[in-house]
Asks: 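Once you've had a glance at the structure underneath, I'll fire off some questions.
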Amino acid sequence: MFSRKNINAFQLRDEIAAAFDIEITERKFEVTIRSAGGGKNPEYKKLLVVVLERAAAAGAQLELVLLASTGKTANTLTQSQRIIQLPDAEYPLDLTSFSASELAEAICLKMSSMARRKTLKHPEKGGNRRKRIMLSFLMNGDQFDDAEIARFIQYGSSHEELKKIEERGVRVRSRIDLEAVEALLAAYAAKTPEQLERAVKYVERGPIGRIAKEITDYKCQLCAPSLASTFVGKNGKPYVEAHHVEAVAGLRQSTLGLHNILVLCANHHRQLHYGRSCEVSDSGEHFELVLDGEAYRIAKLKFEKIDG
């Protein structure tokens with residue numbers, strides 16, 4: 001269940017003449033850049049580059065880019081047809097491996113051929129390279145809360161100093177780091193939690209995950225068989241989670257099926273999503289995984305009817 005907070009029409013601190021909307025979930029945020037034209041969002045491309053740069057600095061991955069236009073031609077597209085597929089790249093993208101300007105150019109070039117309205121007067125004219133788009137980002141870890149990631153994307157440097165704090169301990173490397181930490185601690189020391197109205201939007205995952213848990217007897221498929229089950233949940237059963245190997249966010253047919261699910265403890269599930277070194281491949285009857293250099297081979301789940 002994803003809870004979202006809408007933060008509208010941000011004007012970037014760099015005084016870029018463009019605006020965007022941001023919606024935030026737990027470990028995920030979506031940035032919608034409005035279309036350009038007719039004097040609107042004149043610095044569309046510059047805005048796109050800056051958003052990609054700041055998302056990379058925040059440690060986010062680019063999960064998807066979707067055409068979000070609502071015109072007559074765009075409305076004929078299915079959700080999967082709205083995905084802006086980039087050449088020689090597969091989602092999710094590690095933004096640190098790409099130049100933000102080159103990535104922005106690739107996105108603009110690809111969208112120009114999508115939902116293109118051809119005219120008799122200019123049948124070969126290139127399509128609009130500044131359409132309304134939505135960029136979905138996955139957060140890596142919990143270094144930002146909702147408000148912090150919104151401010152970071154808007155201002156860029158509001159919490160950049162905090163990223164320099166070492167992962168272990170609280171030793172800071174410079175005076176500016178110390179000042180940032182002290183300011184943050186002071187701001188939240190007497191802060192009263194706010195009650196916010198949140199909209200909800202998520203991809204329906206269906207009931208197959210529950211069936212997968214029953215098949216594995218609520219045991220993690222990556223933990224050694226000799227280990228005890230995880231803690232008992234409020235429903236009285238060991239707590240495990242269903243992981244879709246091919247992400248359902250791509251809206252591809254059959255990704256909700258039993259063959260695409262691994263049953264994992266909470267720790268291994270988070271590791272697959274946010275771990276530093278994780279590789280998963282499909283070899284037909286098995287999933288081949290490499291986590292932090294350790295290899296695993298796990299048979300795909302099957303439902304077998306027992307006569308009797």
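Values below: all heavy atoms of this structure, side chains included; hydrogens, waters and symmetry mates excluded.
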Asks: Once you round to the nearest 0.5 Å, how far does NZ of Lys302 lie from CG of Leu258?
Replies: 10.5 Å
Asks: Indicate yes or no for a side-chain donor-acceptor contact from Arg82 to the backbone of Ser69 under 3.5 Å, with no hydrogens or angles considered.
Replies: yes
Asks: To the nearest 0.5 Å, what is the distance between CD on Glu43 and CZ on Arg130?
Replies: 10.5 Å
Asks: How far does CG of Leu264 sit from CG of Leu222, to the nearest 0.5 angstrom?
Replies: 5.5 Å
Asks: What heavy-atom pair brings Val240 and Cys220 nearest, and what distance separates the two atoms?
Replies: CG1-N, 4.1 Å
Asks: Between the side chains of Glu285 and Arg297, is the shortest nitrogen-to-carboxylate-oxygen separation below 4.0 Å, so that they form an ion pair?
Replies: no
Asks: Which heavy-atom pair separates Cys108 from Leu48 by the least distance, and what is that distance?
Replies: SG-CD2, 4.0 Å
Asks: If you group Ile, Leu, Val, Met, Phe, Trp and Tyr by side-chain heavy-atom gaps below 4.5 Å, do Leu52 and Ile84 land in one group?
Replies: yes
Asks: Between the side chain of Lys237 and the main-chain N/O of Tyr218, is any donor-acceptor distance below 3.5 Å?
Replies: no
Asks: Measure the shortest side-chain to side-chain distance between Gln79 and Leu66 over non-hydrogen atoms and say whether it is less than 4.5 angstrom.
Replies: yes
Asks: Could you tell me whether the side chain of His259 reaches within less than 4.5 Å of the side chain of Ser254, counting heavy atoms only?
Replies: yes
Asks: Which atom names give the shortest non-hydrogen contact between Ala100 and Glu53, and what distance separates them?
Replies: CB-CG, 3.3 Å
Asks: Test your reading of the model: is there a side-chain donor-acceptor pair from Lys28 to the backbone of Ser136, 3.5 Å cut-off?
Replies: no
Asks: Does the side chain of Ile133 come within less than 4.5 Å of Phe20's, by heavy atoms?
Replies: no
Asks: Could you report the tightest heavy-atom contact between Ser112 and Leu109, atom names first, then the distance?
Replies: OG-O, 2.5 Å
Asks: Could you go through His273 and His243, starting from their C-alpha distance and side-chain angles, then the distance that decides it, and tell me whether this counts as ring-ring contact (aromatic ring centres under 6.0 Å, His included)?
Replies: CA-CA 9 Å; His273 281 289; His243 170 71; 5.0 Å; yes
Asks: Which residue in the set Asn260, Ile211, Thr216 passes side-chain contact (heavy atoms from CB on, under 4.5 Å) when paired with Leu301?
Replies: Thr216
Asks: Among the clusters formed by ILVMFWY side chains lying less than 4.5 Å apart, do Phe29 and Ile107 turn up in the same one?
Replies: yes
Asks: Over 60° means perpendicular and under 30° means parallel, so classify the ring planes of Tyr296 and His268, tilted if in between.
Replies: perpendicular
Asks: Do Met134 and Leu64 come close enough that some side-chain heavy atom pair is under 4.5 Å?
Replies: no
Asks: Sequence neighbours excluded, which residues qualify as side chain to side chain contact (heavy atoms under 4.5 Å, CB included) partners of Ala247?
Replies: none
Asks: Using the rule that Ile, Leu, Val, Met, Phe, Trp and Tyr join whenever any side-chain heavy atoms are under 4.5 Å apart, tell me whether Val31 and Leu138 fall into a single cluster.
Replies: no
Asks: Roughly how far, to the nearest 0.5 Å, is the CG atom of Leu135 from the CD1 atom of Ile22?
Replies: 10.5 Å
Asks: Grab the two heavy atoms, one from Gln85 and one from Tyr91, that are nearest each other, plus how far apart they are.
Replies: OE1-CE1, 4.0 Å
Asks: On a heavy-atom basis, which atom in Glu288 and which in Ser283 lie closest, and how many Å separate them?
Replies: OE2-OG, 3.3 Å
Asks: How many angstroms lie between NZ in Lys110 and CD1 in Ile83, if you round to the nearest 0.5 Å?
Replies: 11.5 Å
Asks: Measure the shortest side-chain to side-chain distance between Leu272 and Leu291 over non-hydrogen atoms and say whether it is less than 4.5 angstrom.
Replies: yes
Asks: Leu103 and side-chain contact (heavy atoms from CB on, under 4.5 Å): which partner among Val49, Leu95, Val65?
Replies: Leu95
Asks: Where do Lys45 and Glu105 land on the side-chain contact (heavy atoms from CB on, under 4.5 Å) test, with the steps shown first?
Replies: CA-CA 8 Å; Lys45 180 74 172 294; Glu105 175 64 24; 2.7 Å; yes
Asks: Looking at side-chain heavy atoms only, is the closest gap between Lys300 and Asp282 below 4.5 Å?
Replies: yes
Asks: A side-chain contact here means heavy atoms from C-beta on lying under 4.5 Å apart; do His244 and Thr255 qualify?
Replies: no
Asks: Using side-chain heavy atoms (C-beta onward) and a distance below 4.5 Å, is Lys219 in contact with Val263?
Replies: no
Asks: Could you give the distance from CG (Leu262) to CG (Leu289), rounded to the nearest 0.5 Å?
Replies: 6.0 Å
Asks: Any salt bridge (Lys or Arg N to Asp or Glu O under 4.0 Å) pairs touching residues 241-255, not counting sequence neighbours?
Replies: Glu241-Arg270, Glu246-Arg252
